[in-house]
Amino acid sequence: EALVQVLNDLTPERKSKLFIPNFEISQASSKKVHVLTWTKKEWLDSLDVTFVGESDNTIAKASFYATGFLPTSIPLAPIANIALFFIPFASPGPGEMLQTFRLRALEGLLRKQLEN
């Protein structure tokens with residue numbers, strides 16, 4: 001619940017800083033959260049968080065990854081991305097890889113939420 005609250009409470013300014021102007025929480029349960037995020041140029045990235053353990057001793061395992069070489073703003077991009085799976089690509093962010101930057105920032109916001 002705390003992670004979903006953190007995501008839903010993101011201000012437009014914070015979303016912009018995280019390069020997540022749009023997102024959709026497609027699954028949220030006590031065991032897993034799956035979020036689809038789109039960058040300003042409509043690259044689709046996915047955030048998966050799995051929770052293991054009990055309430056006082058829960059560990060969150062998170063991954064944030066790009067879903068394809070082409071942005072979703074291109075017609076038929078999801079199909080083309082399947083065909084282009086072999087092309088390596090990276091998502092550079094501010095000083096580090098974009099997904100690492102996002103995970104670190106979301107972790108900080110989540111820790112702050114849980115402290116309150």
Got a sec, which hydrophobics cluster with Ile59, joining ILVMFWY side chains under 4.5 Å apart, including via others?
none

d(Thr67 OG1, Asp45 CG) to nearest 0.5 Å is 6.5 Å

Verify, without hydrogens or angle tests, whether Trp43 (side chain) and Phe69 (backbone) share a donor-acceptor contact under 3.5 angstrom.
yes

Lys40 NZ to Lys15 NZ distance, which is reported to the nearest 0.5 Å:
14.5 Å

Fellow cluster residues of Leu114, listed by chain then number, with links counted only when side-chain atoms sit under 4.5 Å apart
Leu3, Val4, Val6, Leu7, Leu10, Leu18, Phe19, Ile20, Phe23, Ile25, Val33, Val35, Leu47, Val49, Phe51, Phe64, Leu98, Phe101, Leu103, Leu106, Leu109, Leu110

Linking directly or through intermediates, with side-chain heavy atoms under 4.5 Å: list the remaining ILVMFWY members grouped with Ile79, chain and number order.
Leu76

If a pair satisfies side-chain hydrogen bond (donor to acceptor under 3.5 Å, both in side chains) and one of its residues is in residues 24-33, list it, with sequence neighbours excluded.
none

To the nearest 0.5 Å, what is the distance between OG on Ser46 and NE2 on His34?
3.5 Å

Heavy-atom pair with the smallest gap, counting every atom of Ala77 and Leu70
CB-CB, 4.1 Å

Please answer whether the main-chain N or O of Ser63 pairs with a side-chain N or O of Asp48 as donor and acceptor at a distance below 3.5 Å.
no

More than 12 heavy atoms of other groups within 6.0 Å of Phe89 CZ:
yes

side-chain hydrogen bond (donor to acceptor under 3.5 Å, both in side chains) involving Asp9 - partner list, sequence neighbours excluded:
Gln5

So, for Met97 and Pro92, which heavy atoms are closest and what is the spacing to 0.1 Å?
CE-N, 4.1 Å

Approximate separation, where rounding is to 0.5 Å, of Asn81 CG and Ile87 CD1:
9.0 Å

If I take atom CZ from residue Arg104 and atom CD from residue Glu107, how far apart are they, to the nearest 0.5 angstrom?
9.5 Å

Between Glu13 and Lys17, is the closest basic N to carboxylate O distance under 4.0 Å?
yes

Apart from Tyr65 itself, residues in the same hydrophobic cluster as defined by side-chain heavy atoms under 4.5 Å
none

